[in-house]
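Throughout, protein chains are lettered first and strands after them, A, B, ... in sequence-line order, and every chain is numbered starting at 1. These values consider heavy atoms only, across backbone and side chains, with no hydrogens, waters or symmetry-generated copies.
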Amino acid sequence: MTESIHQTPAEESAGYDPAAIERKWQERWEARGTNHTDLVAGVRPFYALMMFPYPSAEGLHVGNLFAFTGNDIYGRFQRLQGHTVFEPLGFDAFGIHSENFALKVGTHPADLIPRNIDNFRRQLKRSGLMVDWRHELSTTDPDYYRWTQWLFLKLYERGLAYKKRAAVNWCPNDKTVLANEQVINGECERCGAKVEQRFLEQWFFRITDYAGRLLANLDWLDWSESTIQAQRNWIGRSEGAEITFRVQDLEDLTGAATIASGFTGEFSPQPVDIRVFTTRPDTVFGATYLVLAPEHPLVDTFTTDEHRDEVAAYKRRSAKQDLVSRRVSKEKTGVFTGSFAINPATQAPIPIWIADYVLMEYGTGAIMAVPAHDERDFEFANEFDLPIVRVVTPHGSNDMRPPAEAPYLETDSVRLVNSGRFTGLGIADGKQRIIEYLAEHGHARGVVNYRLHDWCISRQRYWGPPIPIIYCDKCGTVPVPEKDLPVVLPYVEDFKPDDTGISPLARVESWYRVSCPTCGGNARRETDVSDTFLDSAWYFLRYPSTDSENVAFDPDITKKWLPVTSYIGGNEHAVLHLLYSRFVTMVLHDAKQVDFEEPFTRFRAHGMIVRDGAKMSKSRGNVVNPDEYIERWGADTFRTYLMFLGAYEEGGDFRDQSIAGVRRFLDRLWSSVERATESGAPDTQVIRKLHQTIKKVSGDLAGLSYNTAIAAMMEYLNVVRRGERQAHRAEVEPLVQLVSPFAPHVAEELWERFGHAESIFDAGWPAFDASLAAEEMATLAVQVAGKTRGRVQVPVGADQEAAVAAAMADPGIAKFVVSTPKKIVFVPGRLLNLVL
RNA sequence: GCCGGGAUGGCGAAACGGGUAGACGCGAGGGACUUAAAAUCCCUUUCCCGCAAGGGAGUCCGGGUUCGAGUCCCGGUCCUGGCACCA
């Protein structure tokens, strides 16, 4: 029992030897298959999913481990509660990150990635996750991306994949397409050259067709509120109207328009209508000019000869600008087209301009400008001396002058002015009545717009799954037949993007030259690869079916295991990854491939872990390398510390000094178990505290409140050990179970020392006795006139009378009660307030 | 600019339908054990006044509601994450 005093100091200070124990149990788990999930026979399936990592060359980031540990604890807890838990892990290894890194260090990604994955797997295994490694996957594996390509075909079949010309960021120096993240202040992140806009034919998925459903389901999903909000904003529903403005006197311009558009056929004197989208149809009387996006297809048809050069120059200029800096620069530029349109409300002719502050991608690519009530229009009107007409004013104000700065008035306390028969109406009424009025004359209709864009999945890059499409001279676009999948990404020595602006695969003639699957004639493959987000949009469907060779996901297994029971990940993926996964799942649902339309029943976003108050980054030199810490403190300590440093859903601050406290806790637990006695009876007060602790920890784990669960266990252990008392086995054995999700290795070891042959993770979760968990005596805070003056002990359930008597019996309290209380506030078991 | 999250001791943090502010841990101070140190164990530790008993103040700032506010409401400051000319 008191062996420890005979140990060498070094051994004693170590408390227990994590390295030996962790090795022992990791080996034993592997040998016993402890972490294997019986996907077929397992009862009460629980799919505990974590966002799979991108296997970087730097190795596992502590942020990954923070996320995974939190998920692992939750999974282990569910297992202990009787679920069959499936906790798979894989690698998101395609993409521009890997490719760029490989370029930088001069390795081939196909060589680099397996090394990185090996390193990640080693690190992950060391950290003691309950992962069933038999279901590991990598998105770069042809057995995986074969089905990514299959997924593309499913979308294509359903008309949800289409090709169109779209702008990309182009670095004229590196001669390559850049992702938006690679453009820093309008310059290439690598060489600093000014980035330009280029147009390429690209594949898109029609996610906008699903905007309404993607939005509506957010109402019932059990997800972190912040994530739901982010998705709502991203989908960006706005209600408004499409209003049609007719271009005036087009007859006079048609000759010019015909020439400009290269139109050589028969002239037909069709009037030209410009449709605009607005959320403020109530302000149509204040629309004093129209603005079209420079790339709007109608621009040339009504640009007058006089303005043709200027317009053409402006279009060239804005086309040259890269996508990012065009958004960043707020200066208003634009040119007049020379034409006028009729405002359908006022019948007045208003000038038509083009300007790059109007985006072709949103709405109709054209707006009616109401400079009095829109900040951007206001700036533009001031820049170019365009008229400003006030049409909204606060109640009771007779101010008809144009506002000095643009107030975006949309409240209950304003009314319309200068608006003909609608003057005097409120905003909501005005909107409705004006739409109705314009609609009668065919000038308007109510519409809903989303800011969500279709998903561009083409990447003019090498390191990704080739898009399974073949272009035939005769048959046109032909999807690769399913039986020919996968379209294997060839090993290409020179995968550097070049000045063609198209994928490196376009240089590999032996690969792209194929015969048409339909007619056998000359054909070539699509040489773009798909977006990494497509790889990760369905990986959760693959995990349970990694053994299925002939289907992407086995129908029976999928029915049993999906949708995912619990998904935990970072909010950096709140929008793209989670939205794309939802979209893909909905499509598969519509294609009768799965019987659910939402992939993740419950999602929780974990927080971010910083160090010494600042985000970890290589440049700051404050990156935590998990290996070092596991080496020094052991995986159990490291895991528990990560969970202790802050609220899981909020993140926390990593402090080197604080980790020692967690290690001390585990050391104390160890020594208490070592010294525990089985003779006699446990202390009843301690047992009472134990049951309270079980209750508290169970509740905290269910709510991911790991930090407070750990605090509760520490508090309990302090009670057990108070005054160097020897613990009874019955006092500490359940504590070992409570600790096991956090510190699985040491818990297994102690469990074995208690004489159990089975894994602690198959032993269930300790139950608490509600009557024991309840307190006998309550401490009541006593306030006199709202100030806390003392506390008294009363039996639980004591009534107000008893509480007052107890309070008045305390002279320290009674002395403040200088008059008869006017009012007594009594909260049973908590507080008594004597109001004088 | 818009949308999230946040601000609590020397430090990381607790306080979950408004009800004992600071649980738990780190650090610090004191003590025990030791020839000594480390480790371990015990005590103290929000701040101010006081030898003490005790008293006062206190959760970013300013108001408000309430018997009672870290928590709710109004206004502001700062930090942090995301989006960004979305009509």
> Could you tell me how far apart Glu649(A) (CD) and U80(B) (P) are, to the nearest whole angstrom?
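One finds 23 Å between P of U80(B) and CD of Glu649(A), rounded.
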> Tell me the interatomic distance from Asn571(A), atom CG, to G5(B), atom C1', rounded to whole angstroms.
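Those two atoms, CG and C1', are 10 Å apart.
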> How do Asp377(A) and Ala781(A) order along RNA chain B: which one's closest nucleotide is nearer the 5' end?
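Looking at RNA chain B, the more 5' nearest nucleotide goes with Ala781(A).
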> Contact class for Phe816(A) (heavy atom, under 4.0 Å): base, sugar-phosphate, or nothing?
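Result for Phe816(A) = sugar-phosphate.
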> Looking for any heavy atom pair under 4.0 Å, which part of the strands does Ala369(A) touch: base, sugar-phosphate only, or nothing?
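If one applies the 4.0 Å heavy-atom cut-off, Ala369(A) turns out to touch nothing in the nucleic acid.
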> Which part of the nucleic acid, if any, lies within contact of Arg655(A), taking any heavy atom under 4.0 Å across all strands shown: a base, the sugar-phosphate backbone alone, or nothing?
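The residue Arg655(A) makes sugar-phosphate contact but no base contact.
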> Across all strands, who's sitting opposite G1(B) as a Watson-Crick or G-U wobble pair, both distances under 3.5 Å?
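Its partner is C83(B) (Watson-Crick or G-U wobble, both distances under 3.5 Å).
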> Between C24(B) and C42(B), how far is it from one P atom to the other, in whole Å?
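My reading of the P atoms in C24(B) and C42(B) gives 13 Å.
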> Describe the nucleic acid contact of Asp700(A) in one word from base, sugar-phosphate, nothing, applying a heavy-atom distance below 4.0 Å.
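Touches a base.
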> Quick check on C41(B): is either OP1 or OP2 less than 4.0 Å from any side-chain nitrogen or oxygen of Arg725(A)?
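For C41(B), OP1/OP2 do not have a side-chain N/O of Arg725(A) under 4.0 Å.
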> On a whole-Å scale, what distance lies between the C1' atoms belonging to A84(B) and G75(B)?
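The same atom, C1', in both gives a distance of 26 Å.
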> Between P on U40(B) and CZ on Arg675(A), what's the gap in Å once rounded to a whole number?
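Checked: the CZ to P distance equals 14 Å.
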> Run the ring pair (Phe, Tyr, Trp, His ring centres under 6.0 Å) check on Phe384(A) and Trp353(A) step by step: do they pass?
CA-CA 10 Å; Phe384(A) 296 103; Trp353(A) 287 65; 4.9 Å; yes
> Base, sugar-phosphate, or nothing for Lys787(A), non-hydrogen atoms under 4.0 angstrom?
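Answer is sugar-phosphate: Lys787(A) comes under 4.0 Å of backbone atoms only.
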> Nearest whole angstrom, please: distance from the P of C24(B) to the CG of Leu669(A).
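Result: 18 Å.
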> Distance criterion of 3.5 Å, no angle test: do you see the side chain of Asn833(A) paired donor-to-acceptor with the base of C67(B)?
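Side chain to base: pair present.
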> Taking OP1 and OP2 of A87(B), is either one under 4.0 Å from a side-chain nitrogen or oxygen of Arg280(A)?
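Arg280(A) to A87(B) OP1/OP2: no side-chain N or O under 4.0 Å.
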> What nucleic acid atoms does Arg611(A) come within less than 4.0 Å of, heavy atoms only: base, sugar-phosphate, or nothing?
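The residue Arg611(A) makes no contact with any strand.
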> Looking only at atom C1', what distance separates G18(B) and C72(B), rounded to whole Å?
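That atom pair is separated by 7 Å.
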> For Arg232(A), answer base if it contacts any base atom (sugar-phosphate contacts may also be present), sugar-phosphate if it contacts only those atoms, and nothing otherwise; contact means non-hydrogen atoms under 4.0 Å.
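Nothing: the residue Arg232(A), judged by heavy atoms under 4.0 Å, touches no strand.
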> Describe the nucleic acid contact of Arg237(A) in one word from base, sugar-phosphate, nothing, applying a heavy-atom distance below 4.0 Å.
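The answer is nothing, as Arg237(A) stays clear of every strand by at least 4.0 Å.
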> Does any N or O donor sit under 3.5 Å from an N or O acceptor when you compare the side chain of Lys332(A) with the base of C85(B)?
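Yes, the side chain and the base share a sub-3.5 Å donor-acceptor pair.
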> Does the side chain of Asn707(A) get closer than 4.0 angstrom to OP1 or OP2 of A14(B) through an N or O atom?
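Indeed, a polar side-chain atom of Asn707(A) lies that close.
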> Hey, does the side chain of Thr788(A) come within less than 4.0 Å of A21(B)'s phosphate (OP1/OP2), counting only N and O?
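So the side chain of Thr788(A) is within the cut-off, an N or O lying under 4.0 Å from OP1 or OP2 of A21(B).
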> Nearest whole Å is fine: how far is A21(B) P from Arg830(A) CZ?
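It is 12 Å, rounded to the nearest whole Å.
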> Give a yes/no answer on whether the side chain of Lys815(A) brings an N or O atom under 4.0 Å of OP1 or OP2 in G55(B).
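Indeed, a polar side-chain atom of Lys815(A) lies that close.
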> With both distances under 3.5 Å as the test, what is the Watson-Crick or G-U wobble partner of A39(B)?
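Matched A39(B) with nothing under the 3.5 Å cut-off.
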> Quick one: label Gln783(A) by what it contacts on the DNA or RNA (base, sugar-phosphate, nothing), any heavy atom closer than 4.0 Å.
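Here Gln783(A) touches the bases of the nucleic acid.
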> Is Arg668(A) near enough to A39(B) that one of its side-chain N or O atoms lies under 4.0 angstrom from OP1 or OP2?
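Negative; the distance criterion is not met.
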> Check every strand shown and say whether Ser238(A) touches a base, only sugar-phosphate, or nothing at a heavy-atom separation below 4.0 Å.
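Contact class for Ser238(A): sugar-phosphate only.
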> Is Asn718(A) near enough to G25(B) that one of its side-chain N or O atoms lies under 4.0 angstrom from OP1 or OP2?
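Indeed, a polar side-chain atom of Asn718(A) lies that close.
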> Checking side chain to side chain donor-acceptor pair (under 3.5 Å) between Arg280(A) and each of Thr278(A), Asp282(A), Thr283(A), which is the one that passes?
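Among Thr278(A), Asp282(A), Thr283(A), the one that satisfies the side chain to side chain donor-acceptor pair (under 3.5 Å) with Arg280(A) is Asp282(A).
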